[in-house]
Number of protein chains: 2
Amino acid sequence: MKTNAEQEDTALSTRERVVRAASRLMQRQGYDGTGIKQIAQEAGATLGSVYHFFPGGKQELAVAAVHYGDVEFADILREVLYSDEDPAQAVVTCTQVLAEGLRASDWADGCPVTATALGSAGRAPDIQRAAADAFANWRDIVAQALHRAGIGEADARDLGWTVINTLEGAEFAAQAAQSDEPLRIAGEHLARLIGSYRAA
Amino acid sequence: MKTNAEQEDTALSTRERVVRAASRLMQRQGYDGTGIKQIAQEAGATLGSVYHFFPGGKQELAVAAVHYGDVEFADILREVLYSDEDPAQAVVTCTQVLAEGLRASDWADGCPVTATALGSAGRAPDIQRAAADAFANWRDIVAQALHRAGIGEADARDLGWTVINTLEGAEFAAQAAQSDEPLRIAGEHLARLIGSYRAA
DNA sequence: CCCCCTCTAGAACGAACGCTCTATCCAGGG
DNA sequence: CCCTGGATAGAGCGTTCGTTCTAGAGGGGG
């Protein structure tokens, strides 16, 4: 059961493989549902290596995993938002990309940040902070794209919040219902909402 | 450490106390982060009682906990939506209620359904189905309120999805950022979106 | 050649996990 | 009175958890 580990063995460093495995596993199973030994095995590493790179233990590793998911999705977000000069249409494309990812994984791969952070919020402030940073990062990316398209700075900032939050909520609903309908509808509504600000 | 258990000892049945404790604890700590012994202790019950009422073990208890959170929030939702004949304003009130609950618990009590279902989606289809049922239930309540206010049936159904999903996403963002701003903004945007349908 | 340091390797520990099991309590019918 | 069955009580099962620890592999600089 190290199907993916083999492929990654060649190019990536051990540390990178561990972080990727942690991010992917916690995305599916949450923080408490994922064991360090499972992460090590999936990454093709040993326990010693994991604790060598992350002496802070599971929490430090989870922070790195959340940060990895942060930049991973930020890259996708930037790419999609830059691909269309109409931000409303770009957001619709975004929902399609999310739906595609969900469907491709049999509705298993939701938001990597949410699943990791949700259960551990009270106990591990570091993880919660990393999740908040991710959301702030994504929101800024959306807000900049909207502002670039002619929407006022304050409105763009507020819309950044709601776009990210609605995508988040719709992705989880799609995951639970095993249907891309929530994401499709969210795309329509967000496009309509953005459009109502661009007209003004 | 059985502060709440004492208060509930008098009126509620053991089964009810166990379900409430499970719902509240899993809401904070997730499915895997909550132990059955902890639930029993918090409920003022013993392990034997828990397995007497839930022979299906932790999974069956989690399903009951999710269902409990379902009807609990459905009651609040109905009450708030019926309190104002303007559904846009009612949704804003809804965000305020959620923000109040979050703030009162020091940003610990988010959505009871999400936290329980997120980590256990792949392993426990029963829990996932209970979560999907909860979302569908809430969506119907919102859709009915919108339809009653004069919005077309199809539009009301679609808006039901997005209202619930945006509330969900905004609540988690508020929890992560420890600020009610995401919920406040979500309320404004949802009201604007609903208004754009009512005018048409 | 040896030393040193980064990294790998995995056995071992105490604690906690979900769950099973037996024993006991107690109200209601015979 | 005993008997029965739902409910309570908690010790104990095997397993897995996060973590620690010691040992070794491998490669440059002295």
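In what follows, every chain begins at residue 1, and chains take the letters A, B, ... in the order their sequences are listed.
Remark: B:T34, B:G35, B:I36, B:K37 in residues 26-37 of chain B come within less than 4.0 Å of DNA chain C through at least one heavy atom.
Of all heavy-atom pairs between B:Q59 and B:R123, the closest is NE2-O, 4.3 Å. Closest heavy-atom contact between A:Q38 and A:G33: OE1-O, 4.2 Å.
Between B:R17 and B:T14, the side chains place a donor N or O and an acceptor N or O closer than 3.5 Å (distance only, hydrogens not considered).
With the 3.5 Å cutoff on both pairing distances, Watson-Crick and G-U pairs in DNA chain C assemble into runs of at least 3 at C:4-27 with D:4-27.
Applying the ring-ring contact (aromatic ring centres under 6.0 Å, His included) test to pairs two or more places apart or on separate chains, those with a residue in residues 43-85 of chain A are A:F73-A:W138.
Distance CZ (B:R17) to C1' (D:dA7): 11 Å, rounded to an integer number of Å. Atom CZ of B:F54 is separated from atom P of D:dT8 by 12 Å (rounded to the nearest Å). Atom CD of A:Q41 and atom P of D:dG18 are 13 Å apart (whole Å). Going from atom CG of A:L47 over to atom P of D:dT22 covers 16 Å, rounded to whole Å. Nucleotide C:dC7 holds its C1' atom 6 Å from the CZ atom of A:F53, rounded to whole Å. In this structure, CD1 of A:I39 is placed 11 Å from P of D:dT19, rounded to the nearest angstrom. For B:L61 and C:dC19, the CG to C1' distance is 13 Å, given to the nearest whole Å. Atoms NE2 (B:H52) and C1' (D:dG6) sit 5 Å apart, rounded to a whole Å.
Taking the side chain as every heavy atom from C-beta outward, B:L81 and B:C94 never approach each other to under 4.5 Å. Between B:Q128 and A:Q178, some side-chain heavy-atom pair lies under the 4.5 Å cut-off.
Using a 4.0 Å cut-off between a side-chain N of Lys or Arg and a carboxylate O of Asp or Glu, B:E153 and B:R157 do not qualify as a salt bridge.
Tracing side-chain contacts under 4.5 Å through hydrophobic residues (I, L, V, M, F, W, Y), one never reaches B:L102 starting from B:I185; they form parts of separate clusters.
Nucleic acid contact class of B:Y51 (heavy atoms, under 4.0 Å, all strands): base. As judged by a 4.0 angstrom heavy-atom cut-off over every strand, A:G57 is placed among residues touching the sugar-phosphate backbone only.
Proximity of B:T14 to the phosphate of D:dA7: no side-chain N or O atom is located under 4.0 Å from OP1 or OP2.
Within the 3.5 Å criterion, the main-chain N or O of A:G110 finds a donor-acceptor partner in the side chain of A:Q27.
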